[in-house]
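Bear in mind the structure is a predicted one, so any value in this text is a computation, not a measurement. Just so you know, these numbers use all the heavy atoms, side chains as well, and skip hydrogens, waters and symmetry mates. In listed order, ligands and their atoms are each counted from 1.
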Amino acid sequence: MELILKNQPENLAEGQILFCPVLEDKQAIESLVKGLDYEDEKLVLSRIVQENFLGKKGQSLLITDNVQTVILLGTGAKKKLSVEDWRQLAGQMVAQLRKMKAKKISLYLNHWLKGNKDTALLGQAIAEGFDLASYNFDKYKKVDTGKIKLNIEELIVYLDDKQKNDFGKGFELGSYLAWGTIKARDLVNEPAGKMTPSFLAQEALEIARLNKNVSVKILEKEQVVKLKMDAFLSVDQGSNEALKFIHLKYTPSVKAKDSIALVGKGITFDSGGLNLKSGDSMEQMKMDMAGAATVIGLFSVIDQVKPKVEVHGIVAACENMPSGSASKPGDVVYNMQGKSIEISNTDAEGRVTLADSLAYAQKQKVNQVVDLATLTGAVMVALGPDYTGLFANDTKLANELLASAKKAGEKMWQLPLPKEYKKLNQSRIADVRNIPSTRYGGAITAALFLQEFIVDGTKWAHLDIAGPAYAEKQMNIYTPPGGVGFGVRTLLEWLKDM
Ligand code: BES
Ligand code: ZN
Ligand code: MG
(Lines give C-alpha, C1' and ligand atoms only; values in the text may rest on other atoms or scores of the structure.)
(Ligands and ions follow the chains in the order given, each with its own letter.)
Protein backbone atom coordinates (compact mmCIF):
# COMPACT_ATOMS: atom_id res chain seq x y z
CA MET A 1 0.00 0.00 0.00
CA GLU A 2 1.39 3.35 -1.05
CA LEU A 3 1.06 6.31 1.31
CA ILE A 4 0.32 9.70 -0.27
CA LEU A 5 0.26 12.83 1.88
CA LYS A 6 -1.86 15.80 0.79
CA ASN A 7 -3.33 18.99 2.23
CA GLN A 8 -6.95 18.93 1.22
CA PRO A 9 -9.12 16.69 -0.93
CA GLU A 10 -9.19 18.06 -4.48
CA ASN A 11 -12.40 16.23 -5.13
CA LEU A 12 -13.90 13.69 -2.82
CA ALA A 13 -13.76 10.92 -5.41
CA GLU A 14 -9.98 11.04 -5.60
CA GLY A 15 -9.58 8.57 -2.80
CA GLN A 16 -12.72 6.60 -3.66
CA ILE A 17 -13.61 6.32 0.00
CA LEU A 18 -12.95 9.06 2.51
CA PHE A 19 -12.68 8.11 6.18
CA CYS A 20 -13.35 10.88 8.67
CA PRO A 21 -12.75 10.28 12.37
CA VAL A 22 -15.03 12.58 14.33
CA LEU A 23 -15.68 13.45 17.96
CA GLU A 24 -18.88 12.70 19.82
CA ASP A 25 -19.98 16.31 19.56
CA LYS A 26 -22.81 17.62 17.40
CA GLN A 27 -21.02 20.81 16.44
CA ALA A 28 -17.81 19.03 15.58
CA ILE A 29 -19.74 16.67 13.30
CA GLU A 30 -21.52 19.53 11.55
CA SER A 31 -18.41 21.60 11.01
CA LEU A 32 -16.60 18.55 9.70
CA VAL A 33 -19.32 17.95 7.14
CA LYS A 34 -19.26 21.60 6.04
CA GLY A 35 -15.48 21.51 5.71
CA LEU A 36 -15.63 18.46 3.48
CA ASP A 37 -17.21 20.17 0.50
CA TYR A 38 -19.53 17.24 -0.09
CA GLU A 39 -21.72 17.91 -3.09
CA ASP A 40 -24.98 17.26 -1.29
CA GLU A 41 -24.34 18.52 2.21
CA LYS A 42 -28.01 18.26 3.14
CA LEU A 43 -28.06 14.57 2.34
CA VAL A 44 -25.19 14.00 4.72
CA LEU A 45 -26.71 16.02 7.53
CA SER A 46 -30.07 14.34 7.21
CA ARG A 47 -28.47 10.88 7.18
CA ILE A 48 -26.58 11.74 10.36
CA VAL A 49 -29.88 12.53 12.06
CA GLN A 50 -31.77 9.58 10.54
CA GLU A 51 -29.15 7.05 11.58
CA ASN A 52 -28.66 8.68 14.95
CA PHE A 53 -24.92 8.96 14.35
CA LEU A 54 -23.56 10.60 17.50
CA GLY A 55 -19.84 9.94 17.05
CA LYS A 56 -19.74 7.35 19.79
CA LYS A 57 -16.59 5.25 19.91
CA GLY A 58 -16.85 2.38 17.43
CA GLN A 59 -19.91 3.88 15.68
CA SER A 60 -19.65 4.41 11.94
CA LEU A 61 -21.81 5.86 9.19
CA LEU A 62 -21.43 5.32 5.45
CA ILE A 63 -22.79 7.97 3.13
CA THR A 64 -22.60 7.62 -0.62
CA ASP A 65 -24.08 9.26 -3.72
CA ASN A 66 -22.18 6.97 -6.10
CA VAL A 67 -19.53 9.60 -6.80
CA GLN A 68 -18.38 10.27 -3.30
CA THR A 69 -18.33 7.86 -0.41
CA VAL A 70 -17.68 9.18 3.05
CA ILE A 71 -17.42 7.04 6.16
CA LEU A 72 -17.67 8.83 9.47
CA LEU A 73 -15.94 7.04 12.31
CA GLY A 74 -16.96 7.95 15.82
CA THR A 75 -14.10 8.39 18.28
CA GLY A 76 -16.07 9.11 21.45
CA ALA A 77 -16.00 12.22 23.59
CA LYS A 78 -12.29 12.24 24.45
CA LYS A 79 -10.64 15.30 22.87
CA LYS A 80 -7.23 13.63 22.62
CA LEU A 81 -6.96 10.06 21.38
CA SER A 82 -4.33 7.68 22.72
CA VAL A 83 -1.98 5.80 20.43
CA GLU A 84 -4.06 2.67 21.08
CA ASP A 85 -7.24 4.55 20.09
CA TRP A 86 -5.65 5.40 16.74
CA ARG A 87 -4.55 1.81 16.22
CA GLN A 88 -8.12 0.68 16.85
CA LEU A 89 -9.52 3.38 14.60
CA ALA A 90 -7.35 2.09 11.75
CA GLY A 91 -8.68 -1.37 12.61
CA GLN A 92 -12.22 0.01 12.28
CA MET A 93 -11.35 1.28 8.79
CA VAL A 94 -10.25 -2.20 7.79
CA ALA A 95 -13.44 -3.72 9.20
CA GLN A 96 -15.44 -1.38 6.93
CA LEU A 97 -13.24 -2.11 3.91
CA ARG A 98 -13.82 -5.85 4.27
CA LYS A 99 -17.42 -5.13 3.28
CA MET A 100 -16.68 -3.25 0.03
CA LYS A 101 -14.45 -3.29 -3.02
CA ALA A 102 -11.89 -0.52 -2.92
CA LYS A 103 -8.38 0.05 -4.18
CA LYS A 104 -7.89 3.64 -3.10
CA ILE A 105 -8.88 5.13 0.22
CA SER A 106 -8.25 8.35 2.03
CA LEU A 107 -8.22 9.57 5.59
CA TYR A 108 -9.11 13.09 6.66
CA LEU A 109 -6.98 14.11 9.63
CA ASN A 110 -6.60 17.89 9.29
CA HIS A 111 -9.00 18.72 12.08
CA TRP A 112 -7.28 16.26 14.45
CA LEU A 113 -3.83 17.59 14.05
CA LYS A 114 -4.20 21.16 15.26
CA GLY A 115 -1.68 21.44 18.03
CA ASN A 116 -0.89 17.72 17.95
CA LYS A 117 2.77 17.24 18.73
CA ASP A 118 2.86 13.48 18.28
CA THR A 119 2.27 13.29 14.54
CA ALA A 120 4.93 10.59 14.16
CA LEU A 121 3.25 8.42 16.79
CA LEU A 122 -0.08 8.96 15.07
CA GLY A 123 1.36 7.81 11.76
CA GLN A 124 2.94 4.81 13.44
CA ALA A 125 -0.30 3.80 15.15
CA ILE A 126 -2.33 4.07 11.96
CA ALA A 127 0.12 1.94 10.00
CA GLU A 128 0.21 -0.68 12.78
CA GLY A 129 -3.54 -0.84 13.22
CA PHE A 130 -4.21 -0.92 9.50
CA ASP A 131 -1.66 -3.59 8.56
CA LEU A 132 -2.35 -5.80 11.58
CA ALA A 133 -6.11 -5.66 11.08
CA SER A 134 -5.67 -6.52 7.39
CA TYR A 135 -3.99 -9.81 8.31
CA ASN A 136 -5.56 -13.10 7.22
CA PHE A 137 -4.20 -16.62 7.39
CA ASP A 138 -6.17 -18.10 4.52
CA LYS A 139 -3.52 -19.76 2.38
CA TYR A 140 -5.12 -23.18 2.88
CA LYS A 141 -8.62 -22.04 1.89
CA LYS A 142 -9.94 -22.50 -1.61
CA VAL A 143 -10.35 -19.06 -3.16
CA ASP A 144 -13.90 -17.95 -2.56
CA THR A 145 -14.80 -15.76 -5.53
CA GLY A 146 -17.88 -14.44 -3.77
CA LYS A 147 -15.78 -13.00 -0.96
CA ILE A 148 -14.30 -9.52 -1.18
CA LYS A 149 -10.53 -9.55 -1.05
CA LEU A 150 -8.94 -6.71 0.82
CA ASN A 151 -6.55 -5.06 -1.62
CA ILE A 152 -5.82 -1.42 -0.89
CA GLU A 153 -3.20 0.02 -3.21
CA GLU A 154 -3.23 3.63 -2.15
CA LEU A 155 -3.87 5.50 1.09
CA ILE A 156 -4.13 9.27 0.88
CA VAL A 157 -3.85 11.08 4.20
CA TYR A 158 -4.86 14.72 4.43
CA LEU A 159 -2.87 16.83 6.87
CA ASP A 160 -0.84 20.04 7.04
CA ASP A 161 2.43 20.49 5.17
CA LYS A 162 4.40 20.81 8.39
CA GLN A 163 3.19 17.46 9.59
CA LYS A 164 3.86 15.41 6.49
CA ASN A 165 7.43 14.55 7.33
CA ASP A 166 6.75 13.30 10.87
CA PHE A 167 3.64 11.42 9.85
CA GLY A 168 5.45 9.73 6.97
CA LYS A 169 8.35 8.66 9.18
CA GLY A 170 6.05 7.27 11.84
CA PHE A 171 3.98 5.47 9.26
CA GLU A 172 7.08 3.78 7.85
CA LEU A 173 8.21 2.63 11.30
CA GLY A 174 4.72 1.37 12.13
CA SER A 175 4.67 -0.62 8.89
CA TYR A 176 7.92 -2.37 9.78
CA LEU A 177 6.69 -3.16 13.28
CA ALA A 178 3.49 -4.59 11.81
CA TRP A 179 5.36 -6.65 9.21
CA GLY A 180 7.60 -8.21 11.85
CA THR A 181 4.48 -9.06 13.85
CA ILE A 182 2.80 -10.54 10.78
CA LYS A 183 5.87 -12.66 10.07
CA ALA A 184 5.58 -14.06 13.60
CA ARG A 185 1.83 -14.67 13.15
CA ASP A 186 2.48 -16.60 9.94
CA LEU A 187 5.06 -18.81 11.64
CA VAL A 188 2.73 -19.57 14.57
CA ASN A 189 -0.27 -20.26 12.34
CA GLU A 190 1.60 -22.65 10.06
CA PRO A 191 0.70 -26.23 11.08
CA ALA A 192 3.42 -28.26 12.78
CA GLY A 193 3.46 -30.77 9.91
CA LYS A 194 5.20 -28.09 7.90
CA MET A 195 6.51 -25.80 10.64
CA THR A 196 9.40 -28.06 11.66
CA PRO A 197 12.73 -27.08 13.21
CA SER A 198 14.21 -27.25 9.68
CA PHE A 199 11.52 -24.85 8.41
CA LEU A 200 12.35 -22.36 11.19
CA ALA A 201 16.05 -22.65 10.35
CA GLN A 202 15.31 -21.97 6.66
CA GLU A 203 13.39 -18.84 7.65
CA ALA A 204 16.35 -17.64 9.71
CA LEU A 205 18.76 -18.32 6.82
CA GLU A 206 16.53 -16.38 4.44
CA ILE A 207 16.37 -13.39 6.80
CA ALA A 208 20.16 -13.36 7.08
CA ARG A 209 20.46 -13.54 3.28
CA LEU A 210 18.13 -10.58 2.76
CA ASN A 211 19.49 -8.26 5.47
CA LYS A 212 23.06 -7.12 5.40
CA ASN A 213 23.41 -6.47 9.14
CA VAL A 214 21.98 -9.87 10.08
CA SER A 215 23.99 -13.09 10.09
CA VAL A 216 23.01 -16.57 11.19
CA LYS A 217 24.56 -19.80 12.41
CA ILE A 218 22.55 -23.02 12.39
CA LEU A 219 23.96 -25.71 14.67
CA GLU A 220 23.14 -29.31 13.75
CA LYS A 221 22.78 -32.17 16.20
CA GLU A 222 26.50 -33.11 16.13
CA GLN A 223 27.48 -29.58 17.16
CA VAL A 224 24.81 -29.52 19.86
CA VAL A 225 26.25 -32.81 21.16
CA LYS A 226 29.74 -31.28 21.17
CA LEU A 227 28.48 -28.30 23.16
CA LYS A 228 27.01 -30.78 25.71
CA MET A 229 23.46 -29.44 25.48
CA ASP A 230 22.14 -32.71 26.87
CA ALA A 231 19.04 -31.05 28.32
CA PHE A 232 17.97 -29.79 24.88
CA LEU A 233 18.91 -33.16 23.33
CA SER A 234 16.74 -35.04 25.83
CA VAL A 235 13.62 -33.13 24.74
CA ASP A 236 14.41 -33.77 21.09
CA GLN A 237 15.24 -37.47 21.40
CA GLY A 238 11.72 -38.83 20.88
CA SER A 239 11.23 -37.05 17.57
CA ASN A 240 11.93 -38.06 13.98
CA GLU A 241 12.49 -34.44 12.91
CA ALA A 242 16.04 -33.09 12.90
CA LEU A 243 16.63 -30.53 15.65
CA LYS A 244 18.13 -27.12 14.80
CA PHE A 245 19.85 -24.66 17.09
CA ILE A 246 19.42 -21.21 15.56
CA HIS A 247 21.70 -18.27 16.36
CA LEU A 248 20.86 -15.01 14.57
CA LYS A 249 22.96 -11.90 15.08
CA TYR A 250 22.30 -8.26 14.26
CA THR A 251 25.25 -5.87 14.23
CA PRO A 252 24.34 -2.17 14.09
CA SER A 253 26.13 0.04 11.53
CA VAL A 254 27.11 2.41 14.35
CA LYS A 255 29.16 1.47 17.40
CA ALA A 256 26.95 -0.82 19.54
CA LYS A 257 25.75 0.74 22.81
CA ASP A 258 24.95 -2.62 24.41
CA SER A 259 24.64 -6.30 23.65
CA ILE A 260 21.34 -8.12 24.11
CA ALA A 261 20.17 -11.71 23.66
CA LEU A 262 16.59 -12.60 22.81
CA VAL A 263 15.86 -16.27 23.45
CA GLY A 264 12.70 -17.90 22.10
CA LYS A 265 11.17 -21.23 23.07
CA GLY A 266 11.04 -23.24 19.86
CA ILE A 267 9.04 -26.41 20.43
CA THR A 268 7.46 -26.83 16.99
CA PHE A 269 4.99 -29.30 18.43
CA ASP A 270 4.38 -30.11 22.10
CA SER A 271 2.60 -33.44 22.42
CA GLY A 272 3.75 -33.60 26.03
CA GLY A 273 6.13 -36.49 25.29
CA LEU A 274 5.51 -39.65 27.30
CA ASN A 275 3.48 -37.50 29.68
CA LEU A 276 1.15 -37.19 26.72
CA LYS A 277 -1.30 -34.32 26.66
CA SER A 278 -5.02 -34.97 26.24
CA GLY A 279 -6.53 -34.38 22.81
CA ASP A 280 -8.06 -31.08 23.83
CA SER A 281 -4.95 -29.60 25.33
CA MET A 282 -2.76 -30.87 22.48
CA GLU A 283 -4.82 -29.34 19.71
CA GLN A 284 -3.18 -25.92 19.70
CA MET A 285 0.34 -27.05 20.47
CA LYS A 286 1.70 -26.04 17.07
CA MET A 287 1.91 -22.66 18.81
CA ASP A 288 4.57 -23.81 21.25
CA MET A 289 7.21 -22.17 19.05
CA ALA A 290 5.61 -18.72 19.42
CA GLY A 291 8.61 -17.40 21.38
CA ALA A 292 10.86 -18.44 18.49
CA ALA A 293 8.41 -16.90 16.01
CA THR A 294 8.62 -13.57 17.86
CA VAL A 295 12.42 -13.62 17.76
CA ILE A 296 12.48 -14.51 14.05
CA GLY A 297 9.69 -12.05 13.19
CA LEU A 298 11.63 -9.32 14.98
CA PHE A 299 14.81 -10.18 13.09
CA SER A 300 12.96 -9.99 9.77
CA VAL A 301 12.65 -6.20 10.19
CA ILE A 302 15.49 -5.34 12.58
CA ASP A 303 17.67 -4.02 9.75
CA GLN A 304 14.95 -1.51 8.89
CA VAL A 305 14.31 -0.41 12.49
CA LYS A 306 18.07 -0.02 13.09
CA PRO A 307 18.50 -0.25 16.86
CA LYS A 308 21.93 0.89 18.09
CA VAL A 309 22.61 -2.29 20.05
CA GLU A 310 23.95 -5.69 19.09
CA VAL A 311 21.17 -8.29 19.22
CA HIS A 312 21.46 -12.07 19.34
CA GLY A 313 18.41 -14.19 18.52
CA ILE A 314 18.64 -17.68 19.95
CA VAL A 315 16.29 -20.62 19.47
CA ALA A 316 16.68 -24.29 20.39
CA ALA A 317 14.16 -25.79 17.96
CA CYS A 318 12.82 -29.33 18.24
CA GLU A 319 9.61 -31.32 18.73
CA ASN A 320 8.46 -32.91 21.98
CA MET A 321 7.19 -36.36 20.99
CA PRO A 322 6.50 -39.73 22.63
CA SER A 323 8.26 -42.74 21.10
CA GLY A 324 10.53 -45.64 21.92
CA SER A 325 13.45 -43.24 22.02
CA ALA A 326 11.70 -40.48 24.01
CA SER A 327 13.07 -39.33 27.35
CA LYS A 328 11.38 -40.97 30.32
CA PRO A 329 9.97 -39.46 33.48
CA GLY A 330 12.68 -39.90 36.09
CA ASP A 331 15.59 -39.38 33.68
CA VAL A 332 18.39 -37.08 34.77
CA VAL A 333 20.20 -34.87 32.25
CA TYR A 334 22.89 -32.18 32.40
CA ASN A 335 22.64 -28.81 30.69
CA MET A 336 25.72 -27.32 29.00
CA GLN A 337 26.72 -25.60 32.26
CA GLY A 338 26.88 -29.03 33.92
CA LYS A 339 23.79 -28.59 36.11
CA SER A 340 21.75 -31.77 36.54
CA ILE A 341 17.99 -31.76 35.94
CA GLU A 342 15.56 -34.45 37.01
CA ILE A 343 12.92 -34.81 34.29
CA SER A 344 9.89 -35.70 36.39
CA ASN A 345 7.40 -34.71 33.72
CA THR A 346 8.25 -34.70 30.01
CA ASP A 347 5.56 -32.08 29.37
CA ALA A 348 7.53 -29.44 31.26
CA GLU A 349 9.96 -29.51 28.32
CA GLY A 350 10.21 -25.80 27.46
CA ARG A 351 12.20 -25.00 30.59
CA VAL A 352 14.52 -27.93 29.85
CA THR A 353 15.39 -26.64 26.37
CA LEU A 354 15.74 -23.11 27.80
CA ALA A 355 18.25 -24.41 30.36
CA ASP A 356 20.58 -24.84 27.38
CA SER A 357 19.53 -21.91 25.19
CA LEU A 358 19.85 -19.48 28.13
CA ALA A 359 23.27 -20.96 28.96
CA TYR A 360 24.36 -20.56 25.33
CA ALA A 361 23.01 -16.98 25.23
CA GLN A 362 25.07 -15.99 28.24
CA LYS A 363 28.24 -17.20 26.53
CA GLN A 364 27.77 -14.56 23.80
CA LYS A 365 29.13 -11.69 25.94
CA VAL A 366 25.72 -10.10 26.34
CA ASN A 367 24.66 -7.83 29.22
CA GLN A 368 20.94 -8.48 29.08
CA VAL A 369 18.91 -11.56 28.21
CA VAL A 370 15.18 -11.60 27.51
CA ASP A 371 13.45 -14.91 26.88
CA LEU A 372 9.99 -15.45 25.46
CA ALA A 373 8.25 -18.76 26.03
CA THR A 374 4.81 -20.31 25.89
CA LEU A 375 5.92 -21.89 29.12
CA THR A 376 2.97 -22.62 31.39
CA GLY A 377 -0.78 -23.04 31.40
CA ALA A 378 -0.49 -21.63 34.93
CA VAL A 379 0.27 -18.10 33.70
CA MET A 380 -3.14 -18.12 32.01
CA VAL A 381 -4.77 -19.23 35.26
CA ALA A 382 -3.05 -16.29 36.96
CA LEU A 383 -3.49 -13.53 34.37
CA GLY A 384 -6.11 -14.68 31.88
CA PRO A 385 -5.69 -15.09 28.13
CA ASP A 386 -4.38 -11.66 27.12
CA TYR A 387 -1.57 -10.92 29.59
CA THR A 388 2.07 -11.89 29.44
CA GLY A 389 3.68 -12.67 32.77
CA LEU A 390 6.93 -10.74 33.20
CA PHE A 391 9.65 -11.94 35.56
CA ALA A 392 12.97 -10.14 35.97
CA ASN A 393 16.03 -10.05 38.22
CA ASP A 394 16.58 -6.36 37.43
CA THR A 395 14.13 -3.56 38.18
CA LYS A 396 15.30 -1.23 35.43
CA LEU A 397 14.96 -3.93 32.78
CA ALA A 398 11.50 -4.87 34.07
CA ASN A 399 10.31 -1.27 34.03
CA GLU A 400 11.68 -0.67 30.54
CA LEU A 401 9.86 -3.73 29.21
CA LEU A 402 6.61 -2.73 30.91
CA ALA A 403 6.89 0.76 29.41
CA SER A 404 7.62 -0.62 25.93
CA ALA A 405 4.69 -3.03 26.18
CA LYS A 406 2.44 -0.14 27.08
CA LYS A 407 3.65 1.84 24.05
CA ALA A 408 3.04 -1.14 21.81
CA GLY A 409 -0.44 -1.77 23.20
CA GLU A 410 0.58 -5.25 24.40
CA LYS A 411 -0.53 -6.42 27.84
CA MET A 412 2.12 -7.36 30.37
CA TRP A 413 2.09 -7.76 34.14
CA GLN A 414 5.00 -8.38 36.48
CA LEU A 415 5.01 -11.40 38.78
CA PRO A 416 7.50 -12.06 41.59
CA LEU A 417 10.57 -14.30 41.74
CA PRO A 418 10.53 -15.11 45.47
CA LYS A 419 13.68 -16.76 46.83
CA GLU A 420 11.56 -18.64 49.37
CA TYR A 421 9.90 -20.57 46.56
CA LYS A 422 13.15 -21.86 45.09
CA LYS A 423 12.95 -24.93 47.28
CA LEU A 424 9.76 -25.98 45.49
CA ASN A 425 11.95 -26.99 42.53
CA GLN A 426 14.28 -29.16 44.64
CA SER A 427 15.04 -32.69 43.48
CA ARG A 428 16.08 -35.54 45.74
CA ILE A 429 18.56 -36.84 43.21
CA ALA A 430 19.59 -33.93 40.97
CA ASP A 431 20.44 -30.22 41.25
CA VAL A 432 16.95 -29.20 40.21
CA ARG A 433 13.67 -30.81 39.16
CA ASN A 434 11.66 -29.79 36.09
CA ILE A 435 8.32 -29.74 37.92
CA PRO A 436 7.63 -28.25 41.33
CA SER A 437 6.31 -30.03 44.42
CA THR A 438 3.09 -27.97 44.43
CA ARG A 439 0.50 -27.20 41.81
CA TYR A 440 0.15 -23.61 43.03
CA GLY A 441 2.05 -20.73 41.44
CA GLY A 442 3.14 -22.73 38.40
CA ALA A 443 4.18 -19.72 36.33
CA ILE A 444 6.42 -18.54 39.19
CA THR A 445 8.04 -21.91 39.85
CA ALA A 446 8.73 -22.29 36.11
CA ALA A 447 10.42 -18.86 36.08
CA LEU A 448 12.45 -19.82 39.17
CA PHE A 449 13.56 -22.97 37.36
CA LEU A 450 14.89 -20.81 34.49
CA GLN A 451 16.66 -18.54 36.98
CA GLU A 452 18.73 -21.55 38.10
CA PHE A 453 20.61 -21.16 34.80
CA ILE A 454 21.17 -17.40 34.95
CA VAL A 455 24.71 -16.58 36.04
CA ASP A 456 25.62 -13.74 38.38
CA GLY A 457 25.77 -10.40 36.58
CA THR A 458 23.34 -11.23 33.77
CA LYS A 459 20.33 -8.95 33.68
CA TRP A 460 17.50 -11.25 32.72
CA ALA A 461 13.79 -11.06 32.01
CA HIS A 462 11.45 -13.92 31.25
CA LEU A 463 8.18 -13.38 29.37
CA ASP A 464 5.68 -16.21 29.79
CA ILE A 465 3.56 -15.59 26.68
CA ALA A 466 1.41 -18.77 26.87
CA GLY A 467 -1.77 -16.65 26.91
CA PRO A 468 -1.37 -13.88 24.33
CA ALA A 469 0.87 -15.79 21.89
CA TYR A 470 -2.24 -17.40 20.49
CA ALA A 471 -5.72 -15.89 20.46
CA GLU A 472 -8.53 -18.42 20.70
CA LYS A 473 -11.00 -15.64 19.85
CA GLN A 474 -10.49 -12.27 18.19
CA MET A 475 -8.35 -10.42 20.77
CA ASN A 476 -9.12 -6.90 19.57
CA ILE A 477 -10.06 -5.19 16.34
CA TYR A 478 -6.56 -5.58 14.88
CA THR A 479 -5.79 -9.05 16.28
CA PRO A 480 -7.75 -11.91 14.68
CA PRO A 481 -7.85 -15.42 16.18
CA GLY A 482 -4.69 -17.51 15.83
CA GLY A 483 -1.05 -16.44 16.13
CA VAL A 484 -0.74 -12.94 17.60
CA GLY A 485 2.93 -12.19 17.05
CA PHE A 486 3.06 -11.06 20.67
CA GLY A 487 6.24 -9.29 21.71
CA VAL A 488 7.63 -8.24 18.33
CA ARG A 489 6.46 -4.65 18.75
CA THR A 490 7.21 -4.42 22.47
CA LEU A 491 10.76 -5.64 21.97
CA LEU A 492 11.39 -3.44 18.93
CA GLU A 493 10.11 -0.42 20.89
CA TRP A 494 12.52 -1.38 23.66
CA LEU A 495 15.52 -1.90 21.37
CA LYS A 496 15.00 1.21 19.26
CA ASP A 497 14.83 3.47 22.35
CA MET A 498 18.21 2.29 23.68
N1 BES B 1 3.48 -25.69 26.10
C2 BES B 1 3.01 -25.92 27.42
C3 BES B 1 2.41 -24.66 28.09
C4 BES B 1 1.17 -24.12 27.47
C5 BES B 1 -0.08 -24.55 27.90
C6 BES B 1 1.23 -23.14 26.51
C7 BES B 1 -1.23 -24.03 27.34
C8 BES B 1 0.08 -22.62 25.95
C9 BES B 1 -1.16 -23.06 26.37
C10 BES B 1 4.15 -26.42 28.32
O11 BES B 1 5.15 -27.11 27.68
C12 BES B 1 3.52 -27.35 29.29
O13 BES B 1 3.03 -28.36 28.86
N14 BES B 1 3.52 -26.97 30.58
C15 BES B 1 2.93 -27.74 31.59
C16 BES B 1 3.86 -27.72 32.79
C17 BES B 1 3.50 -28.70 33.88
C18 BES B 1 3.71 -30.11 33.37
C19 BES B 1 4.36 -28.42 35.07
C20 BES B 1 1.60 -27.09 31.94
O21 BES B 1 1.50 -25.87 31.93
O22 BES B 1 0.65 -27.83 32.21
ZN1 ZN C 1 4.83 -29.14 27.44
MG1 MG D 1 -3.89 -17.52 24.04
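- Closest to atom 2 (C) of ligand 1 among all protein heavy atoms lies D270 OD2, 3.5 Å.
- Protein contacts to the Zn ion (ligand 2) involving N, O or S atoms at a distance below 2.8 Å are D270 OD2, D347 O, D347 OD1, E349 OE1.
- The closest donor-acceptor contact from the side chain of R489 to the backbone of T181 lies at 3.5 Å or more, if one exists at all.
- Looking at residues two or more places apart in sequence or on another chain, you find a side chain to side chain contact (heavy atoms under 4.5 Å, CB included) between L3 and L5, L155, V157, F167, F171.
- Taking every non-hydrogen atom of E349 and a distance limit under 4.0 Å, the qualifying atoms of ligand 1 come out as 11 (O).
- In this structure, M287 counts as a contact residue of ligand 1, since one of its heavy atoms falls inside 4.0 Å of the ligand.
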**Request:** Assess whether side-chain hydrogen bond (donor to acceptor under 3.5 Å, both in side chains) is satisfied between D431 and Y334, documenting all intermediate values.
**Result:** CA-CA 9 Å; D431 296 334; Y334 292 90; over 6 Å; no
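- Put simply, the residue from K183, K139, K286 that forms a salt bridge (Lys or Arg N to Asp or Glu O under 4.0 Å) with E190 is K139.
- With a 4.0 Å cut-off on non-hydrogen atoms, D347 touches ligand 1 through its backbone as well as its side chain.
- The residue among S344, A373, G273, G377 with a heavy atom at the shortest distance from atom 21 (O) of ligand 1 is G377.
- For atom 1 (N) of ligand 1, the nearest non-hydrogen atom from the set T376, I267, I435, D288 comes from D288.
- Taking the six-membered ring for Trp, F232 and Y360 have ring centres at least 6.0 Å apart.
- Atom OG1 of T374 and atom CE of M289 lie 9.0 Å apart (nearest 0.5 Å).
- The nearest pair of heavy atoms linking V263 to A361 is CG2-CB, 3.7 Å.
- Between atom NZ of residue K423 and atom CG of residue L448 there is a gap of 11.0 Å, rounded to the nearest 0.5 Å.
- Those atoms of ligand 1 with a heavy atom of A466 less than 4.0 angstrom away are 6 (C), 8 (C).
- The salt bridge (Lys or Arg N to Asp or Glu O under 4.0 Å) test applied to K419 returns no partner, not counting sequence neighbours.
- There is a protein heavy atom less than 4.0 angstrom from atom 13 (O) of ligand 1.
- Listed for the T346 side chain is a donor-acceptor partner under 3.5 Å among the backbone atoms of L274.
- Listed by number with element, the atoms of ligand 1 under 4.0 Å from a non-hydrogen atom of T374 are 1 (N), 2 (C), 3 (C), 6 (C).
- When the options R351, K265, M285 are ranked by their closest heavy atom to atom 7 (C) of ligand 1, first place goes to M285.
- When the side chain to side chain contact (heavy atoms under 4.5 Å, CB included) test is applied to I429, the partners found at least two apart in sequence or on another chain are V332, E342, S427.
- Given atom 10 (C) of ligand 1, the protein heavy atom at minimum distance is L375 O, 3.4 Å.
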